[in-house]
2 protein chains.
Amino acid sequence: MATAPRPRKRAASLASPAHTTTAPNGSAGPEPLDTRVLEGLVGYNARRAYLVISATFAERMAVYGMKPVDFSVLSLLEHNPGATSRQLCATLDILPPNFVNIVADMDRRGLIERRPHPHDRRALGLHLTPAGHQLVAQAEEAVIQLEQDASARLTERERDTLIRLLQKIYL
Amino acid sequence: MATAPRPRKRAASLASPAHTTTAPNGSAGPEPLDTRVLEGLVGYNARRAYLVISATFAERMAVYGMKPVDFSVLSLLEHNPGATSRQLCATLDILPPNFVNIVADMDRRGLIERRPHPHDRRALGLHLTPAGHQLVAQAEEAVIQLEQDASARLTERERDTLIRLLQKIYL
DNA sequence: TATTGTTATACTCTATAACTATA
DNA sequence: TATAGTTATAGAGTATAACAATA
């Protein structure tokens, strides 16, 4: 479940912008289509942007055996030691049945430990092991670099604005 | 394949922002976690924003029997009549084997027609039927309204900025 | 009665290999 | 030899129902 994903190709096969009639089509491939309607939609653009970052994530984070959800969980545990599966599922919008294998794999890899919860014997507090702490430190560094590269065409201020506006959509 | 998706629940179970120590936790649910690291990432925020819009899309567009990919295809055909599967796959980053059923379902529903391509007997030009044109007109109107509601907390200028910055990530 | 974690399961999405007809 | 469309299939992602232990 935490194996490295297959190499993603086709990362940037997007059509070019808004010239319908005069299409020089200098490069290879078929005639590009007029995508102006779709490119005016927040949902479409948010998805395209996420997919590009996701592809870069898969490439660079495979060496850590980490998919986006794994990074999210481990990073949350770094800053929220003892969090329960219930809390992590609520935070990341993951259904509990789909979270079981994620946690079990991390346990098998020796990255986390499940300890009895101090106040609730139904729950298990999740804690990073020393190996887990070490991996998260490397992974957070790699992700920060990855994010800088992905947003290299934005200024620091534009990147902050982008994040702020995205949060106005979903928060 | 073009059946209405199941009702999506859990649309907004996001944790609250950055106060780790003082968490009043006025509402129901477990203690929220500190998500500041994840909320500083473009990839995380782009995905969360897309998922919220996607959930609204599923709710409102089910009456048209339309998922996001279906809307993208039909809207592209509205503005690019005669486009081939190859062109649509390249534009939307869909693998050809996964596109076969999408087109076949639209054909079965009487929304599109596959006509011989004028210059290439291997290819098929895809054209909207009158019923397809009518459905796209309604769907585009609904999506525009959906987008306005999803970005209701953004000014018109902020929405344009958001789209422009997202395109600087993926274009 | 409600909640935590879990199993089993099904459906959707995404990916690869290989085929055919044509270029 | 390369490309457009297709078939079969495998893997990942996401969803529901139902259960045991505990609150």
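Quick note on labels: first sequence line is chain A, next is B, and so on, each numbered from 1.
- Rounding to the nearest 0.5 angstrom, the gap separating the CG atom in A/Asp107 from the CD atom in A/Glu113 is 8.0 Å.
- Comparing the axis of the opening five pairs of the helix from C/dT1-D/dA23 to C/dA23-D/dT1 with that of the closing five pairs yields an angle of 0°, rounded to 10°.
- Side-chain contact check for B/Phe71 versus A/Leu41: some heavy-atom pair is nearer than 4.5 Å.
- Ion pairing between a basic and an acidic side chain is recognised when a charged N comes within 4.0 Å of a carboxylate O; B/Arg108 and B/Asp105 show such pairing.
- Taking all atoms of both residues into account, the shortest heavy-atom contact from A/Arg153 to A/Glu158 is O-OE1, 4.0 Å.
- Rounded to whole Å, atom C1' of C/dC13 lies 15 Å from atom CG of B/Leu92.
- Atom CZ in B/Arg86 sits roughly 17 Å away from atom P in C/dA23 (whole-Å rounding).
- Side-chain atoms of A/Arg48 do not come within 3.5 Å of backbone N or O of B/Leu166 as any donor-acceptor pair.
- Residue B/Cys89 comes nearest to B/Pro96 through the heavy atom pair SG-CA, 3.7 Å, listed as atom of the first residue, atom of the second, then distance.
- Rounded to whole angstrom, the span from the CG atom of B/Leu95 across to the C1' atom of D/dA12 amounts to 14 Å.
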Distance-only check: which donor-acceptor pairs under 3.5 Å involve side-chain atoms of residues 137-146 of chain B, not counting sequence neighbours?
residue, atom, partner, partner atom, Å
B/Glu140, OE2, B/Ser75, OG, 2.8
B/Glu140, OE2, B/His79, NE2, 3.1
B/Gln145, NE2, B/Asp149, OD1, 3.0

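- Note: CZ (B/Arg47) to P (D/dT14) measures 5 Å, nearest angstrom.
- Across the protein-nucleic acid pair, A/Asp105 atom CG and D/dG11 atom C1' stand 15 Å apart, rounded to whole Å.
- Note: NE2 (B/His117) to P (D/dG5) measures 8 Å, nearest angstrom.
- One finds no side-chain N or O of B/Lys67 lying less than 4.0 angstrom from the OP1 or OP2 phosphate oxygen of C/dT12.
- The shortest non-hydrogen separation linking B/Leu77 to B/Ala83 is CD2-CB, 4.0 Å.
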Pairs: protein N or O with nucleotides 20-23 of chain D N or O, under 3.5 Å:
residue, atom, partner, partner atom, Å
D/dA23, OP1, A/Arg121, N, 2.8
D/dA23, OP2, A/Arg121, NH2, 3.1

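- Proximity of a side-chain donor or acceptor of A/Asn80 to a complementary backbone N or O of A/Leu76 within less than 3.5 Å is detected.
- With sequence neighbours excluded, the residues satisfying side chain to side chain contact (heavy atoms under 4.5 Å, CB included) with B/Pro68 are B/Tyr50, B/Phe57.
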Between the protein and nucleotides 6-8 of chain C, which nitrogen or oxygen pairs are less than 3.5 angstrom apart?
residue, atom, partner, partner atom, Å
C/dT6, OP1, A/Arg114, NH1, 3.2

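- In terms of the salt bridge (Lys or Arg N to Asp or Glu O under 4.0 Å) criterion, A/Glu78 has no residue partners (sequence neighbours excluded).
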